[in-house]
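Okay, so here's the structure we're looking at.
Scope of the values below: all heavy atoms of this structure, side chains included, with no hydrogens, waters or symmetry mates. Note that the structure is a prediction, hence the values are computed from the model and not measured. Note that ligands are numbered from 1 as they come in the structure, with each ligand's atoms numbered from 1 the same way.
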Amino acid sequence: MGRVLLTALSLLFITTAAAEEHFTAAREDMVRTIQALAKTVPVPSSSGKIDRSVLDAMRDVPRHEFVPADVRNAAYKDRPLPIGHGQTISQPYIVALMTSLAKPAKNHVVLEVGTGSGYQAAVLSRLVAQVYSIELVEPLARNAAGRLRALGYDNVTVRQGDGYKGWAEHTPYDAIVVTAAASHIPPALIEQLKPGGRMVIPVGERFSIQDLMLVDKDPNGRAHTSRALLPVQFVPLLGGER
Ligand code: SAM
């Protein structure tokens with residue numbers, strides 16, 4: 001009996017180790033794909049360059065832990081995947097681009113609007129001091145918070161709420177990353193950005209092609225500029241008055 005149990009445990013260990021090896025190799029392929037896309041996707045000037053630290057973070061974060069079991073074998077393909085409640089985890093290249101555009105630094109406090117699975121928050125958490133992430137759909141917020149805690153992403157705080165209004169308690173933010181498409185740039189998010197801070201946000205009509213915008217707040221905090229960088233397609237920013 002003892003020997004049967006030992007054999008079963010050994011087999012489980014070998015299978016788990018083989019699966020981890022497989023996922024590590026798949027993650028490396030995903031990073032190579034992101035690097036190749038970064039050379040070809042026409043993002044203006046140097047904005048399209050993906051920072052090496054972002055690629056390292058994406059090598060590190062186990063995307064397969066953030067997707068439902070039935071799509072786990074596609075976790076490292078460069079495409080969005082369903083995460084339930086009509087929502088998606090974004091395409092890895094877009095996660096890399098948005099993270100890089102946010103110009104994360106070790107002392108930064110970042111707000112993410114649209115936690116979804118928690119994957120983008122996990123990637124950001126590897127690069128900054130603290131991530132606050134807000135999600136409208138309660139079960140998604142609850143599951144993402146549990147997943148991030150279980151995986152040890154201790155510098156991410158998730159709460160359920162309407163991110164259109166931002167998260168006033170922890171302002172100002174060095175950067176804000178919005179992962180759902182808004183019809184316009186939410187005024188509260190501009191307010192909650194630190195002078196000199198930047199926001200990355202898809203802006204446009206629901207269920208059509210939107211613009212990925214980079215918003216720079218002036219160092220004096222009194223004005224901001226916004227630039228459209230790339231056509232993208234995101235699920236809509238829902239909730240509240242728009
Ligand atoms: N960043 C996510 C990830 O890594 O899995 C993917 C986000 S998914 C493309 C967009 C998310 O925004 C969805 O989970 C959706 O429920 C959420 N959302 C939509 N409107 C929102 C709002 N007003 N406030 C907060 N979250 C919102």
Per-residue contact class, V235 against ligand 1 - non-hydrogen pairs under 4.0 Å:
side chain
Q120 heavy atoms within 4.0 Å reach ligand 1 at atoms 1 (N), 4 (O)
Any carboxylate oxygen within less than 4.0 angstrom of a Lys/Arg side-chain nitrogen, looking at R59 and E28?
yes
Mark the output for G239 as yes if a heavy-atom distance to ligand 1 is under 4.0 Å, and as no if none is.
no
Atom indices of ligand 1, in the order listed, that fall short of 4.0 Å to a heavy atom of T88
6 (C), 7 (C), 8 (S), 9 (C)
Return yes if a side-chain donor-acceptor contact under 3.5 Å exists between E135 and T115, otherwise no.
no
Check each atom of ligand 1 against the heavy atoms of S117 and keep those under 4.0 Å away; list them by number with element.
3 (C), 4 (O), 5 (O)
Close approach of T115 to ligand 1, heavy atoms, under 4.0 angstrom:
yes
Report yes if L136 has an N/O atom closer than 3.5 Å to an N/O atom of ligand 1; otherwise report no.
yes
Count the heavy atoms of every other residue, nucleotide or ligand shown that sit under 6.0 Å from NZ of K106, and state whether that count exceeds 12.
yes
Evaluate the side-chain proximity of N143 to S117: yes if any heavy-atom separation is below 4.5 Å, no if none is.
no
Answer yes when R227 and D216 have at least one side-chain N-carboxylate O distance shorter than 4.0 Å, and no when they do not.
yes
What do we get for E135 next to ligand 1 when only non-hydrogen atoms under 4.0 Å count, side chain, backbone, both or neither?
both
Counting from 1, what ligand 1 atoms have a heavy atom of L140 closer than 4.0 Å?
14 (O)
Side chains of Q130 and T157: do they bring a donor and an acceptor to under 3.5 Å?
yes
R149, CZ: over 12 other non-hydrogen atoms inside 6.0 angstrom
no
At a 4.0 Å threshold, what atoms of ligand 1 neighbour a non-hydrogen atom of I134?
25 (C), 26 (N)
Measuring centre to centre across the rings, with the benzene-like ring taken for any Trp, is Y164 within less than 6.0 Å of H184?
yes
Does ligand 1 come near enough to A180 that some N or O of the ligand is less than 3.5 Å from an N or O of the residue?
no
Looking at ligand 1, does G86 have a heavy atom less than 4.0 Å from it?
no
Using a strict cut-off of 4.0 Å, indicate which atoms of ligand 1 neighbour a heavy atom of G163.
22 (C), 23 (N), 24 (N), 25 (C)
For T99 and Q120, does a side-chain donor sit closer than 3.5 Å to a side-chain acceptor?
yes
Between F23 and H64, how do the two ring planes meet: parallel, tilted or perpendicular, split at 30° and 60°?
parallel
For Y119, take its heavy atoms, then give the atoms of ligand 1 lying under 4.0 Å from any of them.
4 (O)
Suppose I only count heavy atoms of D162 and a 4.0 Å limit; which atoms of ligand 1 are within that range?
22 (C), 23 (N), 24 (N)
For ligand 1, find out whether one of its N or O atoms is nearer than 3.5 Å to an N or O atom of T179.
yes
Quick one about R27 and Y76 (side-chain donor to acceptor, distance below 3.5 Å, no hydrogens or angles considered), yes or no?
yes
Does ligand 1 have any atom that is closer than 4.0 Å to a heavy atom of E112?
yes
Taking the side chain as everything from C-beta on, heavy atoms only, tell me whether V128 gets closer than 4.5 Å to V109.
no
I'd like to check whether G114 has a polar contact with ligand 1, where a contact means an N/O of the residue lying under 3.5 Å from an N/O of the ligand.
yes
Ligand 1-proximal atoms of P236, by part, heavy-atom distance under 4.0 Å:
backbone
